[in-house]
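Take a look at the structure below.
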Amino acid sequence: ITFEEIHRNAAISYAIFNYVRYTDDKQYLLDYGFEVLVEISRFWADRVNYNPRKDKYMILGVTGPNEYENNVNNNWYTNTMAAWNLEYTLEVMEYIKNEHPERFKQLKNKLKLQKEEIEKWKDIIDKMYYPYVESLGIFEQQDGYMDKELLSVKDIPKEELPINKHWSWDRILRSCFIKQADVIQGLYFLNDRFDLETKKRNFDFYEPKTVHESSLSPCIYSIIASEIGYEEKAYELYLRTARLDLDNYNKDTDDGLHITSMSGSWLAIVHGFAGMKVKDGMLKFSPFIPKAWNKYSFKIIFRGHLLKITVNKNKVTIEQEEGNELTLKVYDDEYTIPPDSKITINILKI
């Protein structure tokens with residue numbers, strides 16, 4: 001099924017976007033990134049189907065992040081990330097054209113960029129089809145998902161978990177059960193596009209149907225749970241991430257350790273509990289502390305600044321160990337940290 005998992009192409013583009021957002025290394029776009037973005041955008045332009053009856057572009061015959069659904073049409077995540085990929089390529093193109101016109105001429109000639117293909121990218125962005133369930137206000141994982149028998153993981157007898165060890169592949173494919181974050185992965189990647197209520201509605205619908213039989217899954221759900229104020233659920237999902245191999249949740253540790261779950265444990269703390277984001281070039285934190293913990297801390301390097309973040313029951317402390325003056329946000333308020341200094345802020349209780 002892996003040849004159907006074309007969403008990975010957008011993940012490459014997202015990695016470029018995320019790297020530049022975090023480091024502000026725009027030279028990378030001129031040297032390498034733009035060429036990759038253009039070629040992946042060409043892939044999407046080739047891969048979409050135009051439906052003249054609906055005047056929409058669709059992406060047919062894919063496997064989304066949820067590998068328990070194969071050969072589906074219009075996986076919401078895939079369609080969403082494909083259109084975003086095209087948007088980001090055009091955004092980078094405008095940046096290079098305006099700020100580095102000579103380099104843009106070189107790249108345009110090297111890549112043989114045509115006005116017609118750029119116009120097609122814009123048309124795909126404008127007319128991409130996104131499955132949506134009006135009555136619930138949620139994104140439909142793919143066409144036809146709502147036709148399934150919509151059960152919850154709690155309806156599965158415990159002795160039949162994990163289902164990939166006990167059910168036939170045919171039964172898994174016909175079920176509503178989700179291997180890993182799919183719609184929720186999109187809400188995590190394109191976080192700023194969706195309000196909290198949208199995130200809550202989709203989390204409340206999809207999490208009960210997710211068996212988390214992938215090491216990539218519980219950390220992403222944990223981060224969104226943290227953001228929408230589900231602190232206990234966020235911690236429960238963090239434990240599932242951190243203890244995946246220790247407790248052998250999915251009965252597959254004999255195959256080797258899940259490195260993705262190890263990095264997922266870090267993500268669940270830093271992006272989840274500490275609420276770290278980069279928005280409009282500024283670092284932001286929205287921390288809370290799980291009830292079971294007294295304190296946690298971690299270090300990050302952001303654009304030449306080495307920071308140590310410590311969160312306890314009452315305070316958030318951010319110490320700058322290396323770097324010049326830095327302005328950042330904590331709970332939407334701006335603070336400036338001089339070199340070799342720290343700030344302490346009261347924990348915001350939800």
Side-chain angles (χ1 to χ4, degrees), residues 136-139 152-154 178 180-212 214-244 246-247 249 260-279 283-300 307-318 328-333 335 343-350:
L136 298 176
I138 63 168
F139 306 116
S152 297
V153 175
K154 61 181 175 57
I178 299 167
Q180 66 198 74
D182 194 306
V183 169
I184 303 303
Q185 183 74 40
L187 301 183
Y188 168 65
F189 269 170
L190 305 183
N191 194 275
D192 292 340
R193 291 191 172 193
F194 309 104
D195 60 29
L196 285 180
E197 287 307 312
T198 299
K199 291 168 188 170
K200 280 184 181 180
R201 287 195 301 272
N202 283 277
F203 185 95
D204 290 346
F205 182 80
Y206 285 110
E207 202 285 325
K209 298 170 182 59
T210 304
V211 290
H212 299 298
S214 163
S215 59
L216 300 167
S217 185
C219 59
I220 300 301
Y221 274 97
S222 178
I223 292 164
I224 297 298
S226 292
E227 186 180 13
I228 61 178
Y230 293 1
E231 293 185 5
E232 291 185 12
K233 189 68 178 177
Y235 185 62
E236 172 195 321
L237 290 161
Y238 158 77
L239 288 177
R240 174 117 191 191
T241 303
R243 299 194 61 83
L244 179 68
L246 294 171
D247 295 332
Y249 278 118
T260 43
S261 204
M262 296 177 186
S263 59
S265 303
W266 186 90
L267 284 173
I269 295 170
V270 175
H271 287 193
F273 301 166
M276 188 183 88
K277 295 180 184 179
V278 180
K279 185 174 181 181
L283 196 60
K284 177 185 175 183
F285 296 93
S286 302
F288 79 93
I289 185 164
K291 290 178 182 176
W293 289 3
N294 293 317
K295 184 175 78 169
Y296 63 91
S297 67
F298 57 90
K299 292 186 180 185
I300 59 163
L307 305 175
K308 181 179 181 181
I309 294 86
T310 303
V311 183
N312 63 31
K313 293 291 188 185
N314 301 306
K315 306 280 186 183
V316 182
T317 302
I318 302 177
L328 49 70
K329 284 188 177 181
V330 182
Y331 303 126
D332 292 324
D333 292 324
Y335 298 87
I343 58 170
T344 301
I345 300 147
N346 290 332
I347 274 275
L348 182 66
K349 304 294 184 183
I350 297 176

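Just so it is clear, the values below take in all heavy atoms, side chains as well, and ignore hydrogens, waters and symmetry mates.
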Stepwise, does the side-chain contact (heavy atoms from CB on, under 4.5 Å) test hold for I347 with N314?
CA-CA 5 Å; I347 274 275; N314 301 306; 5.6 Å; no

Contacts of D195 that satisfy salt bridge (charged side-chain N to carboxylate O under 4.0 Å, His left out) - sequence neighbours left out:
none

Side-chain contact, heavy-atom cut-off 4.5 Å: Q180 with I220?
no

Kindly list each side-chain donor-acceptor pair under 3.5 angstrom involving residues 286-294, sequence neighbours excluded, with atom names and distances?
residue : atom : partner : partner atom : Å
K291    : NZ   : E232    : OE2          : 3.4
W293    : NE1  : Y235    : OH           : 3.1

Rounding to 0.5 Å, atoms CD1 (I318) and CD1 (I309) come to a distance of 5.5 Å

Looking at R201 and G137, what are the two nearest heavy atoms and their distance?
NE-O, 2.8 Å

Atom pair OH (Y206) and CG (L187), whose distance is rounded to the nearest 0.5 Å:
9.5 Å

Closest non-hydrogen atom pair, S265 against T241:
N-CG2, 3.4 Å

Residues at least two apart in sequence or cross-chain that pass salt bridge (charged side-chain N to carboxylate O under 4.0 Å, His left out) with D204, listed by chain then number, are none

What is the distance from atom CE of M276 to atom CG of L267, rounded to the nearest 0.5 Å?
8.5 Å

Evaluate the side-chain proximity of V316 to F285: yes if any heavy-atom separation is below 4.5 Å, no if none is.
no

How many angstroms lie between CD1 in I138 and CZ in F205, if you round to the nearest 0.5 Å?
4.0 Å

At their closest point, which heavy atom of T210 faces which heavy atom of S217, and how far apart are they?
CG2-OG, 3.8 Å

Is there a donor-acceptor pair closer than 3.5 Å between any side-chain N or O of S214 and the backbone N or O of L216?
yes

Can you tell me how far the CG atom of L328 sits from the CG atom of D333, to the nearest 0.5 Å?
11.5 Å

Nearest atoms (heavy-atom pairs only) where S222 meets A268:
OG-CB, 3.9 Å

Show your working on side-chain contact (heavy atoms from CB on, under 4.5 Å) between F203 and K233 and close with a plain yes or no.
CA-CA 11 Å; F203 185 95; K233 189 68 178 177; 4.0 Å; yes

Check: F139 ring centre within less than 6.0 Å of F194 ring centre
yes

Grab the two heavy atoms, one from Y296 and one from A274, that are nearest each other, plus how far apart they are.
OH-N, 3.5 Å

Side-chain contact test, heavy atoms from C-beta onward, threshold under 4.5 Å: evaluate it for E207 versus L237 and give yes or no.
yes

Does K295 have more than 12 heavy atoms from other residues, nucleotides or ligands lying within 6.0 Å of its NZ?
no

Step by step, would you call S261 with S215 a side chain to side chain donor-acceptor pair (under 3.5 Å)?
CA-CA 5 Å; S261 204; S215 59; 5.5 Å; no

How about K199 and N191: do any of their side-chain heavy atoms sit closer than 4.5 Å?
yes

Do L283 and L307 come close enough that some side-chain heavy atom pair is under 4.5 Å?
yes

For the student: nearest non-hydrogen atoms of H271 and Y188, plus distance:
ND1-OH, 2.8 Å

d(L190 CG, Q185 CD) to nearest 0.5 Å is 10.0 Å

Quick check: do W266 and C219 have side-chain heavy atoms less than 4.5 Å from each other?
no

Hey, does K315 have a side-chain heavy atom less than 4.5 Å from the side chain of N346?
yes

